[in-house]
Amino acid sequence: MTTLFAKIVRGEIPSDTVYQDEQVTAFRDINPAAPTHILIVPNRVIPTVNDLTTDDEQLVGHMVLVAKLLAEQEEIAEDGFRLIINCNKNGGQVVYHLHLHLLGGRPLGPMVVRPKA
Ligand code: AMP
């Protein structure tokens with residue numbers, strides 16, 4: 001299976017890649033929602049959080065630690081940032097290749113828009 005992000009991982013589609021190792025690739029979101037908006041993706045295609053298994057525990061931990069490293073590099077760590085993984089339709093997932101959003105550089109406001117009462 002291939003995905004848009006798998007093509008970015010392999011360098012077949014241009015991207016602003018900021019980090020890559022044998023497990024993950026991180027690149028700037030093409031439509032940033034904050035001054036820093038980076039996507040951390042596994043190099044191997046895993047469609048959604050629902051597809052994770054216990055074998056992926058180390059990989060998921062690594063994704064979070066890479067996000068921490070990039071937050072430090074972007075100088076947003078101290079002020080704070082947000083990590084998001086969307087899953088499926090109700091989660092707002094658009095690209096079906098697991099990815100962790102790293103967002104920061106401004107106050108991000110409420111986590112979720114609440115429906116009007
Ligand atoms: P999600 O809604 O969690 O699936 O997020 C998908 C994200 O991928 C969105 O924030 C898009 O702006 C971003 N995106 C889509 N295509 C590209 C691309 N070619 N390069 C970088 N980011 C992209």
Side-chain angles (χ1 to χ4, degrees):
M1 186 205 296
T2 196
T3 66
L4 173 67
F5 290 172
K7 289 178 184 169
I8 287 176
V9 166
R10 293 195 296 264
E12 295 168 9
I13 289 180
S15 72
D16 189 352
T17 293
V18 293
Y19 178 92
Q20 187 165 47
D21 64 23
E22 68 286 350
Q23 294 188 87
V24 302
T25 300
F27 48 91
R28 294 191 194 279
D29 196 291
I30 203 165
N31 185 24
T36 292
H37 188 170
I38 293 171
L39 305 176
I40 298 112
V41 315
N43 294 342
R44 166 170 67 87
V45 177
I46 301 171
T48 79
V49 169
N50 291 337
D51 301 298
L52 289 168
T53 71
T54 51
D55 287 347
D56 299 316
E57 279 184 355
Q58 187 275 337
L59 171 67
V60 173
H62 185 60
M63 289 169 69
V64 173
L65 287 175
V66 168
K68 174 195 162 186
L69 174 79
L70 294 175
E72 286 163 0
Q73 281 183 13
E74 295 283 308
E75 300 183 339
I76 60 171
E78 196 168 313
D79 282 345
F81 55 89
R82 186 171 292 163
L83 301 179
I84 299 173
I85 301 179
N86 296 321
C87 181
N88 275 348
K89 176 169 56 82
N90 279 5
Q93 185 170 4
V94 173
V95 179
Y96 281 77
H97 183 145
L98 183 71
H99 49 282
L100 178 61
H101 295 254
L102 165 63
L103 293 146
R106 65 166 174 84
L108 294 167
M111 187 172 67
V112 175
V113 177
R114 295 176 192 273
K116 289 200 171 77

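Every number for a ligand or one of its atoms is a count from 1 in the order of the listing. Remember, predicted model here, so these are calculated numbers, not experimental data.
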Could you see which bit of [X] sits under 4.0 Å from ligand 1, with heavy atoms only: side chain, backbone, both or neither?
X	value
Leu39	side chain
Leu4	side chain
Tyr96	neither
Ile30	both
His101	side chain

Numbered atoms and elements of ligand 1 in range of [X], under 4.0 angstrom, heavy atoms:
X	answer
Asn31	12 (O)
Val94	1 (P), 2 (O), 4 (O)
Arg28	21 (C)
Asn86	1 (P), 2 (O), 3 (O)
Phe27	21 (C)

From [X] [atom1] over to [Y] [atom2], what is the distance, rounded to the nearest 0.5 angstrom?
X	Y	atom1	atom2	result
Leu108	Arg82	CG	CZ	5.0 Å
Leu52	Ile85	CG	CD1	7.5 Å
Gln93	Asn50	CD	CG	8.5 Å

Does His99 have its ring centroid less than 6.0 Å away from the ring centroid of His97?
no
To the nearest 0.1 Å, how far is [atom] from its closest protein heavy atom, and which atom is that?
atom	answer
atom 8 (O) of ligand 1	Phe5 CZ, 3.5 Å
atom 9 (C) of ligand 1	Asp29 OD2, 3.3 Å
atom 5 (O) of ligand 1	His99 NE2, 3.1 Å

Kindly check if the number of other-residue, nucleotide or ligand heavy atoms within 6.0 Å of CD (Glu78) is above 12?
no
For Glu72, is the CD atom crowded, meaning more than 12 foreign heavy atoms sit under 6.0 Å from it? yes
N or O contact, Val95 vs ligand 1, cut-off under 3.5 Å:
yes
When the ring planes of Phe27 and Phe5 are compared, do they come out parallel, tilted or perpendicular, using 30° and 60° as the limits?
perpendicular
#### Entry: Beyond-backbone contact of Val18 with Gln73, side-chain heavy atoms, under 4.5 angstrom
no
Do Val66 and Gln23 have side-chain heavy atoms sitting under 4.5 Å apart? no
- If Ile, Leu, Val, Met, Phe, Trp and Tyr residues are connected whenever their side-chain heavy atoms lie under 4.5 Å apart, and connections chain through other members, are Tyr19 and Ile40 in the same group? yes
> For ligand 1, is Ile8 a contact, meaning one of its heavy atoms is under 4.0 Å away?
Replying inline: yes
Review point. Is Gly92 near ligand 1, meaning one of its heavy atoms is under 4.0 Å from it?
Key: yes
